[in-house]
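Working notes, beginning with the structure itself.
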Amino acid sequence: MLSIGQLDRLITILKPTYTTDAYGERTETWATAYTLWAKVDWKSSDRKEESQAQVQGTDVVFYVRNLGVTILSTYRVDFDSEIYIIHGIKQIDGRERFLELETKIKD
């Protein structure tokens, strides 16, 4: 069971924003959507082969309080000067109290 006291790390949720330059090219930048307290859980660090390509990554799960925030899988997490790509979002602990963000570190 997760408790509020375990949310002891400050993370930033980044959302993509798009602008068009003078030549009509679309440029993606990242803006802060939310700054939240989280519990950080390093699940694994592995290296494996996937579809004949070597994939290396660190799985990290962030647990945050669900305070009516909308977090999409296109968002990213900024924590400890690293960017993490969100691969899954789950509601946990009933009544939508917490969100579990499954991420992988961006290479």
Side-chain angles (χ1 to χ4, degrees):
M1 186 69 101
L2 195 61
S3 71
I4 297 294
Q6 293 174 313
L7 307 180
D8 60 351
R9 305 282 185 229
L10 200 57
I11 65 169
T12 303
I13 306 294
L14 304 173
K15 66 179 178 178
T17 58
Y18 302 96
T19 57
T20 305
D21 64 13
Y23 300 103
E25 294 180 9
R26 190 172 161 185
T27 305
E28 180 182 75
T29 57
W30 295 90
T32 299
Y34 308 106
T35 301
L36 303 169
W37 289 99
K39 175 185 176 190
V40 182
D41 189 8
W42 282 267
K43 291 293 184 185
S44 68
S45 179
D46 62 2
R47 184 179 175 99
K48 61 182 176 182
E49 292 190 22
E50 190 172 294
S51 343
Q52 298 178 345
Q54 287 190 350
V55 176
Q56 181 175 354
T58 302
D59 293 330
V60 180
V61 177
F62 296 94
Y63 298 93
V64 297
R65 183 81 191 262
N66 186 5
L67 298 172
V69 297
T70 302
I71 299 174
L72 306 174
S73 60
T74 56
Y75 289 11
R76 294 186 177 173
V77 176
D78 182 0
F79 171 67
D80 203 23
S81 301
E82 295 282 351
I83 302 296
Y84 298 85
I85 299 170
I86 298 173
H87 289 284
I89 302 169
K90 285 194 286 187
Q91 295 176 355
I92 59 171
D93 270 355
R95 300 190 70 194
E96 303 174 3
R97 288 184 56 199
F98 295 97
L99 294 176
E100 179 182 287
L101 308 175
E102 296 177 7
T103 67
K104 203 173 265 295
I105 196 164
K106 182 179 182 233
D107 293 330

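With values rounded to the nearest 0.5 angstrom, Leu101 atom CG is found 5.0 Å from Ile71 atom CD1. Separating the NZ atom in Lys104 from the NE2 atom in His87 is a distance of 6.0 Å, to the nearest 0.5 Å. Here Arg9 contributes atom CZ and Leu36 contributes atom CG; the two are 15.5 Å apart, rounded to the nearest 0.5 Å. Separating the CD atom in Glu102 from the CG atom in Asp41 is a distance of 10.5 Å, to the nearest 0.5 Å. Taken to the nearest 0.5 Å, the OG1 atom of Thr103 stands 7.5 Å off from the CG atom of Asp59.
Residues Ile105 and Val60 fall within the same hydrophobic cluster, defined by Ile, Leu, Val, Met, Phe, Trp and Tyr side chains chained together at heavy-atom separations under 4.5 Å. Linking Ile, Leu, Val, Met, Phe, Trp and Tyr residues whenever their side-chain heavy atoms come within less than 4.5 Å places Val61 and Leu2 in a single cluster. Note on Tyr34: it clusters hydrophobically with Val77, by side-chain heavy-atom contacts below 4.5 Å among ILVMFWY residues. A continuous path of ILVMFWY side-chain contacts below 4.5 Å connects Ile86 to Val69, so both sit in one hydrophobic cluster.
Listed here is the closest heavy atom pair of Ala33 and Tyr75: CB-CE2, 4.3 Å. Closest approach of Pro16 and Thr74 over heavy atoms only: CD-O, 3.9 Å. In terms of heavy atoms, Ile85 sits closest to Arg76 at CG1-NE, 4.1 Å. Heavy-atom minimum distance, Thr17 versus Ala31: CG2-CB, 3.9 Å. What you find for Tyr63 and Glu100 is that their closest heavy atoms are CE2-OE1, 3.2 Å.
At a threshold of 4.5 Å between non-hydrogen side-chain atoms, the residues Val40 and Asp80 do not count as touching. In this structure the side chain of Arg65 reaches within 4.5 angstrom of the side chain of Phe98, judged on heavy atoms. Proximity of Trp37 to Leu10: side-chain heavy atoms (C-beta onward) are separated by under 4.5 Å at one or more points.
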>> Assess the residue pair Leu14 and Thr32 against the criterion (side-chain contact (heavy atoms from CB on, under 4.5 Å)); give the C-alpha distance rounded to whole Å, side-chain angles, the decisive distance to 0.1 Å, and a yes or no.
In response: CA-CA 5 Å; Leu14 304 173; Thr32 299; 4.1 Å; yes
>> Determine whether Gln91 and Leu99 satisfy the following criterion, side-chain contact (heavy atoms from CB on, under 4.5 Å), listing intermediate values before the conclusion.
In response: CA-CA 5 Å; Gln91 295 176 355; Leu99 294 176; 3.7 Å; yes
> Checking side-chain contact (heavy atoms from CB on, under 4.5 Å) for the pair Phe62/Leu7: CA distance, chi angles, key distance, verdict?
Replying inline: CA-CA 9 Å; Phe62 296 94; Leu7 307 180; over 6 Å; no
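Looking only at distances, a side-chain donor or acceptor of Asp21 sits under 3.5 Å from a matching main-chain atom of Tyr23.
Ring geometry for Phe79 versus Trp42: interplanar angle of 30 to 60°, hence tilted.
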